[in-house]
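The next block holds one structure in the form of structure tokens; read it before the comments.
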Amino acid sequence: MDKTRLGNSFFLRDVLDVAPALIGKTLVRRFNTGEIRSYIITETEAYRGEEDKACHASKGLTPRTAVMYQPGGVIYVYLIYGMYWMLNFVTSEKGNPSAVLIRGIEGFNGPGRVGRELQLDLSFYGEELLQSERLWVEKGITPVGIVCSERIGVDYAGKKWAEKKWRFLQK
DNA sequence: CGCAAGATTGGC
DNA sequence: CCAATCTTGCGT
């Protein structure tokens, strides 16, 4: 096991700490062909607990959100608009359903493009980042600067939650 | 059981 | 502006 792979202690923190900390980290994907590609994470968004109306866990514990109730360090993927797989990492301790959406990696901006590049599918749901042979996160670079802004596409959650500046990106 | 909307993207 | 494409949650 690689020494630089980020373990559960990295993800067992508040999602508002983990989301910005992921900027500059290295996302590693080992494809079925055996090819390994690495990408620097450039943009993330935090979704924080049942009270966050923009977070899927605001619907409570369902088959879809169940993985978010696990301890941090596992993968949460879901299909949106029938064609895009969104990549998320669960954070926080067990029972505090939060996750970080990976909105951008170097060369690929937008969560849909990220999922397409990484060739994600439902089989990644619940996979542990510390154990996975095909997707994990490693120590990366020190970002020169991180800026935050409002999350994208969550107006439906109402003003209180839509205006939270929980989107983080490399300056 | 039907249906509207979605943490999006790309084309017209 | 709007279609693609399908899962999910909610209303009936």
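Chain naming here is simple, since letters A, B, ... match the order of the sequence lines and numbering starts at 1 in each.
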> At what distance, to the nearest 0.5 angstrom, does CD1 of A:Ile141 lie from CD of A:Gln170?
Replying inline: 5.0 Å
>> Please name the nucleotide paired to B:dA4 by Watson-Crick or G-U wobble geometry with both distances under 3.5 Å, or report none.
In response: C:dT8
> In whole Å, what is the span from the CZ atom of A:Arg116 to the C1' atom of B:dG10?
Replying inline: 9 Å
> A:Val100 and A:Val90: side chain to side chain contact (heavy atoms under 4.5 Å, CB included), yes or no, with the steps?
Replying inline: CA-CA 6 Å; A:Val100 178; A:Val90 174; over 6 Å; no
> B:dT9 P sits how many Å from A:Leu87 CG, rounded?
Replying inline: 13 Å
> Looking for any heavy atom pair under 4.0 Å, which part of the strands does A:Met86 touch: base, sugar-phosphate only, or nothing?
Replying inline: sugar-phosphate
> Would one find a side-chain N or O of A:Arg64 under 4.0 angstrom from OP1 or OP2 of B:dG6?
Replying inline: no
>> Tell me whether the side-chain N/O atoms of A:Arg103 come closer than 4.0 Å to OP1 or OP2 in B:dT8.
In response: yes
>> I'd like to know if A:Arg134 and A:Glu127 make a salt bridge, using a cut-off of under 4.0 Å between side-chain N and carboxylate O.
In response: yes
> Between B:dT8, B:dA7, C:dG9, which nucleotide has the shortest distance from any of its atoms to the side chain of A:Thr62?
Replying inline: C:dG9
>> Using whole Å, what does the distance between atom C1' of nucleotide B:dA7 and atom CH2 of A:Trp85 come to?
In response: 15 Å
>> In this structure, how many angstroms lie between the C1' atom of B:dT9 and the CD1 atom of A:Ile80, rounded?
In response: 12 Å
> To the nearest Å, how far apart are A:Leu122 CG and C:dC6 P?
Replying inline: 14 Å
>> Let's see if you can work this out: which of B:dG10, B:dA7, C:dC10 has an atom nearest to the side-chain heavy atoms of A:Arg113?
In response: B:dG10
> Within this structure, what is the CG-to-C1' distance between A:Asp121 and C:dC6, rounded to whole angstrom?
Replying inline: 15 Å
> Does A:Tyr156 make a side-chain donor-acceptor contact with the base of B:dA5, cut-off 3.5 Å?
Replying inline: no
>> Would A:Arg37 and A:Tyr39 count as a cation-pi pair here, with the cationic atom under 6.0 angstrom from the ring centre and within 45° of the axis?
In response: no
> Reckon A:Gly82 touches a base, only the sugar-phosphate, or nothing at all at heavy-atom distances under 4.0 Å?
Replying inline: base
> In whole angstroms, how far is the P atom of B:dA5 from the OH atom of A:Tyr78?
Replying inline: 18 Å
>> Can you confirm whether the side chains of A:Glu50 and A:Ser58 place a donor and an acceptor under 3.5 Å from each other?
In response: no
> Of the nucleotides C:dC6, B:dG10, C:dC10, which one has an atom closest to the side chain of A:Lys59?
Replying inline: C:dC10
> From B:dT8, B:dA7, C:dA4, pick the nucleotide closest to the side chain of A:Met68?
Replying inline: B:dA7
> In terms of side-chain heavy atoms of A:Leu79, which of B:dT8, C:dC6, C:dA4 is nearest?
Replying inline: C:dC6
>> Distance check needed: B:dA7 C1' versus A:Arg48 CZ, whole Å only.
In response: 18 Å
>> Would you say A:His56 places a side-chain N or O within less than 4.0 Å of OP1 or OP2 belonging to C:dT8?
In response: no
